[in-house]
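A short worksheet on the structure shown next.
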Amino acid sequence: MLAGAVGPVAADELLVSGRVESITLTPAGAPGCPGLNAMRGPRLTFSNDCGCQEARIKVEQTYVGDGPGATLSVKSRLGEWCKPTLPVSAAAILVRTQGPETKWSPLEIKDGVQLFKPASFTYVGGYPMKAMPADDAGMAPLASLLDQLKQGRGPGPTVVWVKQGSYAVLGREVGSAAELATLLHEQNISDVELRTEAEAGYEQIGAAIYGLARGGTRIETVSTAAQHHQD
């Protein structure tokens, strides 16, 4: 296996290779998987969320972050089509987790070289995947990515999570868009990637976009949590 690598990573970022051992799906509303349709104060929230998923991955190698041990447990919500967000296969995969986000790529061996699909991720260890050269099939050597991480290439935009009634960034949570803008200014953060959880309302998302733009913070992308799972 390839040796581990450490780059300029977020505190909760994890990148491992391994194989799915099991996937458990739980319908929304069942014990341990609350439904998202509910009255939240003056607002009625509707969701096409299907339920919950828990996947167990047998870890073969840890490349970024603190090793999770022999098994990595990944929990997430399911989209409207109720499809698992990880492959129902025992084939080798590369998995990146950070906060509630999980992404994965197939791992293949070609001519003795281990390959992964950079387009499956946005950033890994702060390195932008759009800068990773890939072949005609969209695959690139995993060793090339690890080399970039060892060189400590510059970090990507800071991820800001829009949750129900709050905003989370750098392990801290604030209750208003104004507090979020102040926190980013104090940390000298000028570029962010805005990600929204299913429970967040449109007014709250709009307040974050308006407040950050007004304060001079550049928002590179705005996406939902569901978009950060592999179909």
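These values consider heavy atoms only, across backbone and side chains, with no hydrogens, waters or symmetry-generated copies. Nothing here was measured: the structure is a model prediction, and the numbers come from that model.
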Validation: residues 22-34 side-chain donor-acceptor distances under 3.5 Å, sequence neighbours left out:
none

In residues 209-218, what donor-acceptor pairs under 3.5 Å come from side-chain atoms, sequence neighbours left out?
none

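For the atom pair CD (Glu60) and CD1 (Ile93), the distance works out to 9.5 Å, reported to the nearest 0.5 Å. Atom OG of residue Ser17 and atom NZ of residue Lys58 lie 12.0 Å apart, to the nearest 0.5 angstrom. Between atom CZ of residue Arg96 and atom OG of residue Ser105 there is a gap of 13.0 Å, rounded to the nearest 0.5 Å. Distance check, rounded to the nearest 0.5 Å: CG of Leu180 to CD of Glu173 gives 11.0 Å. Here the NZ-CD distance, from Lys75 to Gln53, works out to 12.0 Å after rounding to the nearest 0.5 Å.
Within the structure, disulfide bond (SG atoms under 2.5 Å apart) pairs that include any residue of residues 65-108 comprise Cys50-Cys82 (at least two apart or interchain).
Taking the side chain as every heavy atom from C-beta outward, Leu72 and Leu14 approach each other to under 4.5 Å. Counting heavy atoms from C-beta outward, Tyr167 and Glu179 have side chains that stay 4.5 Å or more apart. The side-chain heavy atoms of Val74 and Ile57, taken from C-beta on, include a pair separated by under 4.5 Å. Between Phe116 and Met129, some side-chain heavy-atom pair lies under the 4.5 Å cut-off.
Closest approach of Leu78 to Lys83, counting heavy atoms only: CD2-O, 3.4 Å.
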Under the side-chain hydrogen bond (donor to acceptor under 3.5 Å, both in side chains) criterion, do Glu13 and Thr97 qualify, and how do the steps go? CA-CA 6 Å; Glu13 183 177 5; Thr97 68; over 6 Å; no
Run the side chain to side chain contact (heavy atoms under 4.5 Å, CB included) test on Gln164 and Glu197 for me, step by step, so that the C-alpha distance in whole Å, both residues' side-chain angles and the decisive distance to 0.1 Å come before the verdict. CA-CA 8 Å; Gln164 180 196 349; Glu197 294 191 346; over 6 Å; no
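Salt bridge annotation for Lys163-Glu199: absent, with no cationic side-chain nitrogen under 4.0 angstrom from a carboxylate oxygen. Salt bridge status for Glu108 with Lys117: absent, with no side-chain N to carboxylate O gap under 4.0 Å.
Between the side chain of Arg77 and the backbone N or O of Cys52 there is no donor-acceptor pair closer than 3.5 Å.
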